[in-house]
Amino acid sequence: MPASELDRALAQGRERPLPPEVERLLRDVGAPPRLAAHLRLVHDVACELVDWIRQYSPYLVVDREAVLFGAATHDIGKALHVAELSGPGSAHETAGRALLLARGVAPRLARFAATHASWTDGAVTLEDLLVSVADKVWKGKRVTELEDLVVDRLAGATGEERWEVFLALDGFLGGVAADADRRLAFHTAFPVVGGAGSPAAARGPEPGGA
């Protein structure tokens, strides 16, 4: 049987594979191929980000499992609100968390579907912020307000001078952003519609909200 567009989005490219349980979930909900590609890209950048933090501050405790699962599922609600893959909208946030909870995902992991766009909320954790950063910088987008929050958390946890943390994080994220064109090409190579077993359909104009 020829590979579907979803199969290709989950397997092709240099990005790390998604966790097996996330792949199964995407197939179960008939996720659009572009959504799967987007989640792989953000998950891969989140892996790089967590690894960098571990090297920068080996004693800082970061819930790696939560960050990576959150990055791999943060936009799962767009399987239900497909228009938000190529246009604005926030309905996917609460819908995604509800979908994950309904499938037995622990609240500490399901929360990222709702928090990834809410980094100004006082209740967000460093893990939430890292998922949000990965969701921006994969395509070369730098959000000063968001990155400043990460700098503040890291400086407070490590005791390093804020300017030192800023320079280190800025240098790392600049390197990640430098590969944005390749990631965007991978992202837009997959259709916005057409889940597992479906033929390729409209490819859509731009990454939009994803």
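Summarising the geometry, atom OH belonging to Tyr56 is positioned 5.5 Å from atom OG1 belonging to Thr158; distances are rounded to the nearest 0.5 Å. Separation of atoms CG (Leu109) and CG (Leu100) is listed at 9.0 Å; rounding is to 0.5 Å. Interatomic distance, CG of Leu129 versus CG of Asp148, reported as 11.0 Å (0.5 Å rounding). Annotation: the span from Glu21 atom CD to Phe69 atom CZ amounts to 6.0 Å, rounded to 0.5 Å.
Judged as a salt bridge (Lys or Arg N to Asp or Glu O under 4.0 Å), the pairs with a partner in residues 49-60 (not counting sequence neighbours) are, in order, Asp51-Arg64. Within the structure, ring pair (Phe, Tyr, Trp, His ring centres under 6.0 Å) contacts touching residues 4-27 (residues at least two apart or in different chains) do not occur. Within the structure, ring pair (Phe, Tyr, Trp, His ring centres under 6.0 Å) pairs that include any residue of residues 78-134 comprise His74-His116, His92-His116 (at least two apart or interchain). Contacts classified as salt bridge (Lys or Arg N to Asp or Glu O under 4.0 Å) and involving residues 108-120 (residues at least two apart or in different chains) are given here: Asp63-Arg108, Glu65-Arg108, Arg111-Asp128. The salt bridge (Lys or Arg N to Asp or Glu O under 4.0 Å) pairs that include a residue from residues 88-104 are Asp28-Arg103, where partners are two or more places apart or lie in different chains.
In this structure the side chain of Val133 never reaches within 4.5 angstrom of the side chain of Val143, judged on heavy atoms. With contacts defined as side-chain heavy-atom distances shorter than 4.5 Å, the pair Val192/Val82 qualifies. Proximity of Thr73 to Leu39: side-chain heavy atoms (C-beta onward) are nowhere separated by under 4.5 Å. Contact annotation: the side chain of Leu169 approaches that of Leu173 to within less than 4.5 Å [non-hydrogen atoms, C-beta and beyond]. By the 4.5 Å heavy-atom criterion applied to side chains, Leu126 and Val67 are not counted as neighbours. Within the 4.5 Å cutoff, no side-chain heavy atoms of Glu15 are placed close to those of Val45. Within the 4.5 Å cutoff, side-chain heavy atoms of Cys47 are placed close to those of Leu68. Side-chain atoms of Leu154 and Ser57, non-hydrogen and from C-beta on, never get closer than 4.5 Å to each other.
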Checklist line | From CA spacing to verdict: side chain to side chain contact (heavy atoms under 4.5 Å, CB included), Leu184, Leu41 | finding: CA-CA 9 Å; Leu184 284 165; Leu41 290 163; over 6 Å; no
Next item on the list: Go through Glu160 and Val151 one step at a time and tell me if the side chain to side chain contact (heavy atoms under 4.5 Å, CB included) criterion holds.
Entry: CA-CA 10 Å; Glu160 298 280 345; Val151 169; over 6 Å; no
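Smallest separation of non-hydrogen atoms from Gly140 and Ala180: N-CB, 3.4 Å. Nearest approach of Ala72 to Val22, heavy atoms of both residues: O-CG1, 3.5 Å. Between Leu60 and Ala157, the shortest heavy-atom contact is CD1-CB, 3.4 Å. The heavy-atom pair separating Thr115 from Ser132 by the smallest distance is O-OG, 4.1 Å. In plain terms, the two heavy atoms of Ala113 and Gly96 that are nearest each other are CB-C, 3.7 Å. Taking every heavy atom of both residues into account, Ala31 and Ala79 meet most closely at CA-CB, 4.4 Å.
Residues passing the side-chain contact (heavy atoms from CB on, under 4.5 Å) test with Ala36 are Leu6, Ala9, Leu10, Leu26, sequence neighbours excluded. For His43, there are no ring-ring contact (aromatic ring centres under 6.0 Å, His included) partners, not counting sequence neighbours. Listed by chain and number, the residues in a salt bridge (charged side-chain N to carboxylate O under 4.0 Å, His left out) with Asp181 amount to none (sequence neighbours excluded). Under the ring-ring contact (aromatic ring centres under 6.0 Å, His included) criterion, Phe166 pairs with no residue at all, not counting sequence neighbours. With sequence neighbours left out, Phe172 forms a side-chain contact (heavy atoms from CB on, under 4.5 Å) with Glu48, Leu49, Trp52, Val176. By the side-chain contact (heavy atoms from CB on, under 4.5 Å) test, Glu161 is found to be paired with Trp163, Glu164, residues two or more places apart in sequence or in another chain being considered. Under the side-chain contact (heavy atoms from CB on, under 4.5 Å) criterion, Asp152 pairs with Arg162, sequence neighbours left out.
In this structure a side-chain-to-backbone donor-acceptor pair under 3.5 Å is present from Arg40 to Gln12. Although no hydrogens or angles enter the test, the distance criterion places a donor-acceptor pair under 3.5 Å between the side chain of Asp7 and the main chain of Ser4. The closest donor-acceptor contact from the side chain of Lys78 to the backbone of Glu84 lies under 3.5 Å.
Salt bridge status for Arg14 with Asp44: absent, with no side-chain N to carboxylate O gap under 4.0 Å.
Linking ILVMFWY residues whenever their side-chain heavy atoms come closer than 4.5 Å, directly or via other members, leaves Leu101 and Val29 in distinct clusters. Side-chain heavy atoms closer than 4.5 Å link hydrophobic residues (I, L, V, M, F, W, Y) into clusters, and following such links, possibly through other members, connects Val165 to Leu146.
Below 30°, between 30° and 60°, or above 60°: for His187 and Trp138 the angle between ring planes is between 30° and 60°, a tilted geometry.
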